[in-house]
Each structure stands twice: as C-alpha cells, then as structure tokens.
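Structure first, commentary second.
In what follows, every heavy atom counts, from backbone to side chain, and hydrogens, waters and symmetry copies are set aside.
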Protein chains: 2
Amino acid sequence: MATGRTHRPATRSRGIPEATVARLPLYLRALTALSERSVPTVSSEELAAAAGVNSAKLRKDFSYLGSYGTRGVGYDVEYLVYQISRELGLTQDWPVVIVGIGNLGAALANYGGFASRGFRVAALIDADPAMAGKPVAGIPVQHSDELEKIIEENGVSIGVIATPAGAAQPVCDRLVAAGVTSILNFAPTVLTVPDGVDVRKVDLSIELQILAFHEQRKAGEEAAAEAGAVPPAPEESGKGPDGDVPAVMPA
Amino acid sequence: MATGRTHRPATRSRGIPEATVARLPLYLRALTALSERSVPTVSSEELAAAAGVNSAKLRKDFSYLGSYGTRGVGYDVEYLVYQISRELGLTQDWPVVIVGIGNLGAALANYGGFASRGFRVAALIDADPAMAGKPVAGIPVQHSDELEKIIEENGVSIGVIATPAGAAQPVCDRLVAAGVTSILNFAPTVLTVPDGVDVRKVDLSIELQILAFHEQRKAGEEAAAEAGAVPPAPEESGKGPDGDVPAVMPA
DNA sequence: GTCTGTGAATCCTTTCACAGCT
DNA sequence: AGCTGTGAAAGGATTCACAGAC
C-alpha cells in the first residue's frame, strides 16, 4: 500500500501500528451501532465479534490507545466511541473534494458514510464543461479550472480521485500543488507524489482478482483430490508451478 | 512444518503468501501496460517502479511463482503476463453478479477493469421492481426474485454486494445458498459466511478515516515543529462553523 | 469468578546481501 | 559486466496465556 514517509523516527509518544489504525474504523462502526442501541458497555469478546476480528487482537489494539476498559466489566461504549474518533481525527471537520464525477464519483458523493464520520464533501469537480452546474447528491459540479481555487478557499487537505486512469496523475499533481496532502485514489494507476503526501488506493478489480485466485484454488483442490493435476510447464525446467513443493535448492 | 494450527482450514495456500497474492494484480497491470507498448523484457527494478513496490519484494514475490526470469536480462513481459494471469485464475472466464444497482452498483457495472481481466458481468440484480428491465451498462437489471436462478444457470461463483448495509447479510445468505463461494462486499457491514466462502470487503469510508488519521498526525507534527510540542488532546468543544458533529458523548 | 492489559512466543512479511546464471 | 533467485536477518503483526484489577 502506498504510504508516504512517516518520517520522524523517534516516535516516543504514540506509535500506533498501521495494522491497528486500519482496524480502528471497524471498531468505531461496531461501537456506533451499539451506541445507537443504547448499549452501555461491551466486552472485548462481543465487540470483536461485531467487528469481525478476534478478541486478543482487539485488546492489543486498544492497549495502544490507552487503558480505556474496566477489568471484569468491559468497555464503556460512548467513551470508546469518543476516544477512537479523536484518535482517528474524526472529531474535526474534514472537507474533501471529489474529482471525476462519473458513475463512481457520483456514488461517492452520495455515499452516506462520509458525512456521518466527520467528512464533508466540499466540492465535486469534473473536467467535462457539460457537467458544470449540474447537481450531484445536491452539490453542483464545478469545472476543473476551479480546482486550485476550491482547494484553497475551503482549506481542503484530502482529495478523492475518481477519474479515468489517464487523468489521475495530472489531477493528483494539481491537487498536491494546491495543498492537498492526502489522496484516496480510485483510478487504476500508481500515483507518484512527493514526500509527505499520503496516497491510499482502492482498486475494484484488484479485489476481484484476489478472490479469483482463491476461487481457482478451491476448484483446483477439488480436482486435485481426484487426480494429480499438473498445469503446463513451458520451457524453463526445474521448479515451476507444481504441488506443494517449494523452490528447490540443493547445496 | 505444516503445523496443525490452521486458522483457515479451507484456505490453505499452495505456498504463495497472501501478501504476494495481493500484489500480483499490481504486477499484472504494470506488465499489461508494458505489453501494450510492445516492451519485450523488463528488469525487476523497472517493473517494481511501475508497480509501486521495491525490487527485492518483487523478486521475492516472483520466486514463489517459479523461476520465470533470466539472469542478466530480466523478465519476458508476455510470458510473465501469462504466468501471473494463470496463477490468478484469469485465463478462465469468471461470471459475476452484482447485487444492488444503486450508484455504486452502476459504477461497478460500468467499470472497464472487470471485463478486461477475465470477469464477465453475468447479471445485475436489484430488489426494486422499478429497476427491472432497465439497462445499466448495457445489461438489463433483473429482479432479486431471480437471484437463485441466475446463479445456477450461469454457474456464478463470485458475487458482488453493493446494497445498503441492511440488505447485505440476507443477500449474502442467498448468494451462498445458491452456490456462490466468493463475495466482494461494498456494504459497510461485517458479513457472516460459512467455512469455505471467501469474503473481501471494500469500505470507502474506512480508507478515508485512515487518511484522516495520518493527516491529523501531520498537522500535529507541523504545529510541534513550529511551536513547542503541544499534544492534540482537546476536550469536546466547538468544532467548526458548519460542523456536522458525530454523536459523541464523553462520560 | 469475570474480563482487561500485556509480556512472551509465534508467525508472517520485508529487506538485505550475495551466490550463481547469462 | 548485469540481473535474478533466495537464504538469512530484521521487523511487524498476531496469538498465547496469565497476572492483576474489578
């Protein structure tokens, strides 16, 4: 995953592992659901189940944030919601812009999960002049000529790129030049950014491909159970894709 | 080795680490781009740069697939495209169904990255009778009553869920009952599935939250660099002028 | 007795660095 | 020379298991 440099080697105060950070939103969602049902406290076991992880991991994760639980009782739901929100920076308002209002951009603009978590769609931007002024999710689309102005006037530091692949890097460059320091990229391209800028990538087809890999292996196991299946082994001799045999290396 | 601590018994890999599998689609995309430019061979250094990883990692990843490179030369682009495609299972045709044809479902239906990688949208399914028959991305939407029939007739084993959160689990259950064994879930819910079924989750707001975390930290570092270090631990107070404040009630 | 918080052990991933092939 | 393939080392993440608070 493309992550900018988190320079500052001596993180004496709070070094929350990336893996933990990535799970905090999961916990937060589960906690929010409990909160809406007015559940006062929850055990690590229950919360872990609701978030889809195991309890040891959850407790370890929370231990990086501090000691917010009560032994013999569990965690106070409201208090934890607040602590995690604060840790994630969601107690403040994050204006974001979405660039590229095609199908995906429109879906993102309409996505309720943003507004409910401290994110505010400050502007929708598209390169197509015909889109300008047209409202999407109640927000008028603006032409990309305005990009820099919009970023500066709204103090936007997070940009979402939902353009076609070819437009992504130029858009990215302009966003960064205008002051954006975090980018969520939906375009199927590797973005190049300067140090200090974070990029996260969501690629719809990559996830499907990973599923296909496992799916294929399931089918292969079934077949292999009946006969010894050996796929084609082109030129190269030696290892190749065979059964469980790892790479060989005689001494 | 092969210790008896199989967290996922049904998903025993052929020796290719998950982390590597997750990167194969990246390599494949970079290679496809090279292939289209008729580049015959590529070094690990070049390919790694194009895929956004470092070369040692790439070579290690490829070593799990077999010895497909030539020392002193690099990798044959076409050959590697074929090998990775085969490894990912993309040399076969994967019919998929998309359930929930809202903004996101429509975006997915229109997404070109599927068709070009062995995935074929076999059907679009929505619970709204008003959608039935309406074409999206050239494919007529079918009502969810037809779900089981569609799955079976098309031999679908991969399902994409793009419904609202509340509908996701019931839809998932029906998909699984009908024979689907891999699910890509865009709904913000933790899905419960029987053993042997793979679920991958894509959550748009989670990615943004992770960005917000890092963004917040950057802001804190800047402030700390300019003035004396002041840890950002504010009490619940007035947010922004137009803040839409998440429900937090600190004890 | 219940449940959290956490060192220690285990497992997985990345990086290093160089042997060995072309 | 140039570049891959891979053991070995280093670094993270996960799980274990239990001390200690309630």
Side-chain angles (χ1 to χ4, degrees), chain A residues 1-3 5-6 9 11 14-24 26-27 31 40-49 51-77 79-80 83 235-241 245-251, chain B residues 1-8 11-24 26-27 31 40-49 51-77 79-80 83:
Chain A
M1 58 201 75
T3 302
R5 260 290 55 72
T6 316
T11 315
R14 328 185 122 185
I16 301 182
E18 262 306 301
T20 295
V21 172
R23 280 187 296 266
L24 291 182
L26 285 179
Y27 302 142
L31 285 164
T41 62
V42 65
S43 71
S44 64
E45 203 73 52
E46 293 165 328
L47 183 53
V53 303
N54 70 52
S55 63
K57 199 186 288 185
L58 178 142
R59 288 202 303 278
K60 191 61 142 185
D61 284 342
F62 285 0
S63 79
Y64 293 116
L65 308 183
S67 293
Y68 293 148
T70 306
R71 292 170 198 234
V73 178
Y75 300 92
D76 181 280
V77 171
Y79 186 56
L80 245 196
Q83 290 297 347
E235 43 202 281
E236 207 75 18
S237 64
K239 8 269 169 124
V245 188
V248 278
M249 32 83 226
Chain B
M1 11 196 100
T3 62
R5 192 108 220 106
T6 329
H7 178 25
R8 312 220 39 193
T11 314
R12 215 169 81 75
S13 178
R14 190 204 292 157
I16 301 181
E18 263 307 301
T20 294
V21 172
R23 279 187 295 267
L24 292 182
L26 285 179
Y27 302 142
L31 285 164
T41 62
V42 66
S43 70
S44 63
E45 202 72 53
E46 294 165 327
L47 183 54
V53 304
N54 70 52
S55 63
K57 199 185 290 184
L58 177 141
R59 288 200 303 279
K60 191 61 143 184
D61 284 342
F62 285 1
S63 78
Y64 293 116
L65 308 185
S67 293
Y68 294 149
T70 307
R71 294 172 197 232
V73 178
Y75 300 92
D76 181 281
V77 171
Y79 185 55
L80 203 44
Q83 290 298 346

A:Glu18 CD to D:dG12 P, in whole Å, measures 12 Å
Looking only at D:dT4, C:dT6, D:dT14, the nucleotide nearest the A:Arg23 side chain is D:dT14
Against the side chain of A:Ala19, the closest entry in D:dT4, C:dT4, D:dA13 is D:dA13
**Q.** A:Arg23 side chain near A:Val53 side chain, heavy-atom distance below 4.5 Å
**A.** yes
B:Leu65 CG to D:dT4 P, in whole Å, measures 15 Å
### Task
Select base, sugar-phosphate, or nothing to describe what A:Phe62 touches, counting heavy atoms under 4.0 Å on all strands.
nothing
Review point. Donor-acceptor pair under 3.5 Å: do we get one between B:Arg71's side chain and the base of C:dT22?
Key: no
Kindly say if B:Asn54 contacts the phosphate of C:dT14, meaning a side-chain N or O under 4.0 Å from OP1 or OP2.
no
Rounded to whole Å, CD1 of A:Ile16 lies from P of D:dA13 at a distance of 12 Å
note: A:Tyr75, atom OH; C:dC3, atom C1'; distance rounded to Å ~ 9 Å
Below 6.0 angstrom between ring centroids: does that apply to A:Tyr68 and A:Tyr79?
yes
B:Leu58 CG to C:dT15 C1', in whole Å, measures 14 Å
From NZ of A:Lys57 across to C1' of C:dT6 the rounded distance in Å is 17 Å
Quick note, B:Thr70 side chain, CB onward, closest among C:dT22, C:dT6, D:dG5 is C:dT22
| message | D:dT4, OP1 or OP2 - any side-chain N/O from B:Ser44 closer than 4.0 Å? | response | yes
Applying side-chain hydrogen bond (donor to acceptor under 3.5 Å, both in side chains) to A:Glu46 and not counting sequence neighbours gives A:Ser43
To the nearest angstrom, the CG-C1' distance between B:Asp76 and C:dT22 comes to 15 Å
The answer to which of A:Arg59 and B:Tyr64 contacts DNA chain C further toward the 5' end, by nearest nucleotide, is A:Arg59
Of A:Thr20 and B:Gly74, the one whose nearest nucleotide on DNA chain D sits closer to the 5' end is B:Gly74
The nucleotide from D:dA8, D:dG5, D:dC18 with an atom nearest the side chain of B:Lys60 is D:dA8
B:Arg59 meets the salt bridge (charged side-chain N to carboxylate O under 4.0 Å, His left out) criterion, sequence neighbours left out, with none
From CD of B:Glu45 across to P of C:dA17 the rounded distance in Å is 15 Å
In this structure, CD of A:Gln83 is separated from CG of A:Asp76 (nearest 0.5 Å) by 10.5 Å
